[in-house]
Amino acid sequence: MIRDAIATLVRDAAAAAQREGEIPAVTLPEVLIERPQRAENGDYSSSLPMRLRRAVGGQTNPMQLAQAIARRIDASEMVREVVPAPPGFINFFIDDAWLQRQVEQIVEAGPSFGTNPSGAGRRVQVEFVSANPVGPLHVGNGRGAVTGSTLAAVLEANGFAVEREYYVNDAGTQTDTFGRTLYARYEQQFGRDVPVPEDGYPGEYIVELAGQIKEEFGDRFRVAPAAALKELGIARMLDSIRDDLAALGVRYDRFFSERSLFTDHTYEKTMDLLRERGHVSEKEGAVWFTAPQLGQDRDNVLVRSGGSPTYFASDIAYHYDKFVLRAFDRVIDIWGADHQGHVARMKTAVDALGIDPERLTILLYQLVTLKRGQTVVRLSKRSGDIITMREVVEEVGADACRFFFLMRSPDSAMDFDLELAKEQSNENPVYYVQYAHARIAGILRKAAEEGIDCTAGDVALLRHPAELALIRSMLVYPELIEAAAARLEAHGLPHYAKQLAQDFHVFYTECRVVSEDAALSQARLKLVKAAQTVLANVLGLMGMSAPERM
RNA sequence: GCCCCCGUAGCUCAGCGGAGAGAGCAGCGGUCUUCUAAACCGUUGGUCGCAGGUUCGAGUCCUGCCGGGGGUACCA
């Protein structure tokens, strides 16, 4: 990566200057390479001299340090010029010929362009959505789904062995409530006036489900044990959740059953371990998790006085399974902000199991408000008038859904405007990006018609500012992928895609590809192929399609 | 009360402690005989919520305050 190469140049030059006594022999601060905002300050820059100033004592002029370092970095094939700049920057200008040659590197790398092997096959689990299988997914689940699936893809692009998992809460009290509601709706199908339980779910979807079950199985479940109907209902809900996620382009490696933790005794093993390690106490007839020495100032219930385990208890067992039984190096849980209160105690619980809590990352995303223009559409699981994720995906399309969710930092509560997402106009950035790809496909079709073969194209002809800007833009991509994984942030992707698309659109406007100038046509065709590669790669990472026509 | 997130252009939002704060949309003015005008070019618009602090340097880090959202169960 260019950035790393430049960091090495700076580090080596600074060390040489120290050996030669021009810079005091202090420990060098970390060399960070930045991208200047203004082109006149180069392609990359280092502010090491100004940081160094603190280490060496106040009296040294950072500009002199910058000169001492810059002088020791020779121009190379990649770096055309190294310029010290006030008040103490070292600026790097990349050589045009080197940039031009990267076009061929990109085309050659194809789908692997931008990826890196730094993850070294370490096993990472990304667990996301994991909504209770008692109702359809809502819009907020969509945000989790898109964030999780994209981060998983980003980690894979960085060489991690990623497993995507959905934790199915098929053992808790909510499933009982669901079962009782379903039973009432089922009986109602046969004309019996069985009321929906007071704490039951009012949603119409359970009525529909009950109707389907009656149609398929008749009255079989009126005599069968109540558990059987609940089982079937949960299985059906899960099937529909799976379909909804597939419609958003989300796939999983595994759906993990909460109940399996009890049937295979993982739950007991985990509780035994917690007890052994002194984190279990009993009071008020309940069993509590206690860890004041780990900074948990309040105890939490593991087993209710009625004898049933809490969600927290099985979640601890679940994490024992992740870290100890399945031995993931790292686990990333993606939760909605409404689970915020659970974060600290979950990390403490992992710690209490003797697992390094650093191996667990819990990402929260803030809530989604669904809007239609100015009007807020309330999403309430309890209203019975649910705006489901499926409805949104069907209305605006999976691509627009993914792009809109990804655009915003998970830390910000977001409005999802259905009208804007659907808008097929210049107001909608989704089409702006995809249109760039469609335009590329158009050029490639035209070139094929004209029988242009670009293999012999000479990239040295790519001298137009728009061409060089496009190349520079493409070369940002590997850095983006690396940063996205390091910071576990996916929202840089759509912003980058917009930038890349813009650089392509400008190139398209300024530079005619298929023209009478055969040599230039071939060279530009190569550039177009490289642009297609990068655009398709970033769209792919976001789980979006790269259309050939629009 | 306590905990988490947010507050940047009219709107929606980017912005790893670095160089006159950026984008899209909206507004205003231009550009199709061409590989798709779902595009391009120009232009208007800012006390980065407020006040302190740390630093050579703060939109970015720390503290306090103000405003908005979420959480604070023997629910999940």
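Letters go in sequence order (proteins before strands), and every chain restarts at 1.
Distance alone, capped at 3.5 Å, places no donor-acceptor pair between the A:Lys371 side chain and the A:Asp415 backbone. No donor-acceptor pair under 3.5 Å is formed between the side chain of A:Ser515 and the backbone N or O of A:Ser521. Between the side chain of A:Asn158 and the backbone N or O of A:Val154, at least one donor-acceptor pair lies under 3.5 Å. Side-chain atoms of A:Asp503 never come within 3.5 Å of backbone atoms of A:Leu500 as a donor-acceptor pair (strictly under, hydrogens ignored). Between the side chain of A:His138 and the backbone N or O of A:Met389, no donor-acceptor pair lies under 3.5 Å.
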Dot-bracket line, read 5' to 3' along RNA chain B, where crossing pairs take [ ] and | marks a partner on another strand, Watson-Crick or G-U under 3.5 Å: (((((((..((((....[...)))).(((((.......))))).....(((((..]....))))))))))))....
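The CZ atom of A:Arg345 sits 16 Å away from the P atom of B:C3 (whole-angstrom rounding).
The residue among A:Val506 and A:Asn41 whose nearest nucleotide of RNA chain B is located toward the 5' end is A:Asn41.
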Every protein N/O lying under 3.5 Å from an N/O of nucleotides 31-35 of chain B:
| from | atom 1 | to | atom 2 | distance (Å) |
| --- | --- | --- | --- | --- |
| B:U34 | O2' | A:Arg512 | NH1 | 2.8 |
| B:C35 | O4' | A:Arg512 | NH2 | 3.3 |
| B:C35 | O2' | A:Gly442 | O | 3.4 |
| B:C35 | O2' | A:Ile443 | N | 3.3 |
| B:C35 | O2 | A:Val514 | N | 3.4 |
| B:C35 | N3 | A:Val513 | N | 2.9 |
| B:C35 | N4 | A:Tyr508 | O | 3.2 |
| B:C35 | N4 | A:Cys511 | O | 2.8 |
| B:C35 | N4 | A:Val513 | N | 3.4 |

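Contact of A:Ser45 with B:A19 (side chain to base): a donor-acceptor pair of N or O atoms is detected under 3.5 Å. A donor and an acceptor atom sit less than 3.5 Å apart, one in the side chain of A:Asn91 and one in the base of B:A19. Contact annotation: side chain of A:Ser412 to base of B:C6, donor-acceptor pair absent below 3.5 Å.
Phosphate proximity of B:G22 to A:Gln37: present, with a side-chain N or O under 4.0 Å from OP1 or OP2. Distances shown here put a side-chain N or O of A:His491 below 4.0 Å from the OP1 or OP2 atom of B:G15.
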